[in-house]
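Have a look at the structure below, then the notes.
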Protein chains: 2
Amino acid sequence: MRSGEFATILRLKERFRSDNAAGILLGIGDDAAVLEHVATKASHKLVWTIDEQVEKTHFRRDLAGWIDIGWRSFMAAASDLAAMGAEPWCALSALSLPADFEDEDLDALARGQHAAALRLGTSIVGGNLTRGEVVTVTTTLLGTAEKPMLRNTARPGDGIWVAGRVGLAAAGLFALERRLHDDRLDGVKEAWLRPWARIGEGRHAAGRASALVDVSDGLAQDVGHIAEASGVRAVFDEGALREHAKRTGLDSIGELVLVDPLELMLAGGEDYALAAASEEPLEGFWRAGTFVEGQGVALKRTTGRERELFELGFDHFRPRM
Amino acid sequence: MRSGEFATILRLKERFRSDNAAGILLGIGDDAAVLEHVATKASHKLVWTIDEQVEKTHFRRDLAGWIDIGWRSFMAAASDLAAMGAEPWCALSALSLPADFEDEDLDALARGQHAAALRLGTSIVGGNLTRGEVVTVTTTLLGTAEKPMLRNTARPGDGIWVAGRVGLAAAGLFALERRLHDDRLDGVKEAWLRPWARIGEGRHAAGRASALVDVSDGLAQDVGHIAEASGVRAVFDEGALREHAKRTGLDSIGELVLVDPLELMLAGGEDYALAAASEEPLEGFWRAGTFVEGQGVALKRTTGRERELFELGFDHFRPRM
């Protein structure tokens with residue numbers, strides 16, 4: 001960082017000001033943050049997640065502004081809370097920055113994190129700042145939930161229900177990477193640059209759905225997590241996916257970027273949609289298929305034939321533990 | 001990572017097994033960990049910290065084994081809880097690893113983290129795994145404290161009290177970096193490779209001392225944080241420091257590595273000692289000086305003269321927010 005560390009921390013403290021957050025007894029400036037957990041209802045559990053976004057793995061500084069990188073990092077972490085049906089409470093941010101990282105870039109990064117935190121009604125109450133060759137943005141979030149949603153509790157006969165759009169962020173990243181300039185691609189670029197965690201939909205699903213995950217690695221992989229953990233088989237419905245692609249405009253985007261919309265939806269992540277297993281329809285979710293007895297993940301063609309989406313063993317682009 | 005991601009996570013899950021930890025409803029394997037905060041006493045606050053250790057900034061793989069790197073990273077984060085007088089509860093770990101990182105190295109890293117967690121009676125209940133060009137180990141810890149200790153509450157007349165040894169880890173790092181081979185240096189190398197967070201001493205200080213920090217950047221800087229935040233002046237006593245150097249063997253080590261022991265104690269960090277401001281003596285702490293009216297940090301020579309340790313503005317090697 002160009003300016004002294006104290007000045008930087010004062011600026012971040014100013015930026016992340018959290019005076020009004022419930023239960024925050026001590027924010028930035030000491031060895032740790034202090035929280036009063038009586039701020040949460042006694043019947044609620046704490047839900048706790050961490051997510052790290054690494055330069056050259058998750059973002060490239062020539063493809064996104066620092067404010068976007070800050071926003072995306074925060075939303076990616078918050079999406080894990082959405083996937084548990086939890087309400088975000090507060091966050092810590094650990095930044096690793098090269099020695100020549102400019103103050104104005106740090107300001108933009110923090111502005112993006114702060115905007116995302118505000119958008120979700122949560123606060124950044126502390127963190128860590130260190131040097132490193134590449135930029136890493138690590139966010140840990142505490143949330144609360146009365147009934148946290150798991151992934152290993154789907155049942156045969158449940159529908160595959162999705163909240164939010166899928167495939168658009170992947171199309172956007174594709175357009176950014178290939179430097180495609182076309183006004184019609186602005187929306188999908190925005191989908192990749194400024195996703196948002198579906199907290200409201202997650203809370204709606206909590207207690208109603210039987211299982212829930214967020215979609216960070218594509219529908220196939222993430223719904224596959226439910227299938228594997230629950231010992232059921234996920235069958236996507238091609239007609240439903242094509243209908244979603246039409247409704248979101250992804251079908252015509254697919255033509256612009258020369259990728260099959262189905263591919264974008266099934267294999268492209270980072271829209272941070274939610275995918276639930278549920279017997280009943282969920283408000284704000286659209287139906288993408290069905291869980292049945294068996295194992296694996298398949299796409300049921302409009303012809304009626306099922307195509308296996310994974311053979312034995314598949315690996316994440318962005319693994320999670 | 002060489003083996004598939006699922007295999008890796010299963011291995012980490014096995015390693016970090018936390019079946020018996022109080023209040024842990026859900027550990028590794030879903031989108032987030034779930035905690036039951038009724039496990040903590042209602043009068044206790046939650047204390048929350050995050051620390052990131054970055055390859056080439058905080059460690060070099062040619063100077064330390066992965067098991068040491070895992071241990072150190074965990075203890076560095078836990079030390080922030082010690083500095084608040086808090087008791088560790090549980091932790092999340094985010095690892096960024098190069099694609100060619102060997103399974104056995106990951107096992108060693110996790111073994112070190114796990115050993116440190118066990119040593120502190122806490123559990124790693126989740127985390128995140130991602131690719132990155134350099135290894136980063138980020139640890140977030142939740143702890144509990146009835147009366148969290150701050151740094152801005154020291155008063156003139158308080159003594160500077162230190163728990164643990166200081167200067168040894170810096171001598172050890174010096175010896176490792178310069179590849180000095182001498183049996184007499186094994187102890188200080190160990191001090192750098194295997195520090196431990198002074199949880200017990202921190203809890204003892206809580207409610208008795210008026211302010212508390214941990215020493216990660218050297219006595220001068222870290223006690224300087226108390227001085228600056230509290231609006232008092234810290235004056236170290238050369239006689240007391242030399243006495244500590246004699247007691248710990250640092251005086252003879254100083255001769256081996258050709259660095260003045262005073263320099264090692266005042267400017268060398270990573271022993272993760274604790275430094276308190278306290279009117280009364282604290283059990284397990286030794287006295288290193290006095291807080292007085294004024295500002296700044298000084299060393300009072302045995303001749304009686306005071307030398308200012310910092311002029312206007314000083315910067316951290318390992319900044320914190």
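Just so it is clear, the model here is predicted, and its values are computed rather than measured. Naming: A, B, ... by sequence-line order, numbering from 1 per chain.
Contacts between A:Leu212 and chain B at a heavy-atom distance below 4.5 Å involve the backbone alone (N, CA, C, O). Contacts of A:Val134 with chain B are made by side-chain atoms alone, with heavy-atom separations under 4.5 Å and no backbone atom involved.
The greatest number of non-hydrogen atom pairs below 4.5 Å with chain B, out of A:Ser79, A:Cys90, A:Ala86, is found for A:Cys90. Among B:Asn152, B:Thr140, B:Thr49, the residue with the largest count of heavy-atom pairs under 4.5 Å with chain A is B:Thr140. Of the listed residues (A:Ala82, A:Ala83, A:Gly143, A:Ala229), the greatest number of heavy-atom pairs within a distance under 4.5 Å of chain B belongs to A:Ala83. Among A:Leu92, A:Val34, A:Val213, A:Leu81, the residue with the largest count of heavy-atom pairs under 4.5 Å with chain B is A:Leu92.
Distance CD/B:Glu133 to CD/A:Glu133: 8.0 Å, rounded to 0.5 Å. Atoms CD1 and CG, from A:Ile199 and A:Leu274 in turn, are 8.0 Å apart once rounded to the nearest 0.5 Å. Here CZ of B:Phe101 is found 5.5 Å from CG of B:Leu109. Values are rounded to the nearest 0.5 Å. Rounding to the nearest 0.5 Å places CG of B:Leu46 at 6.5 Å from CH2 of B:Trp89.
A side-chain donor-acceptor contact under 3.5 Å links A:Ser230 to the backbone of A:Thr153.
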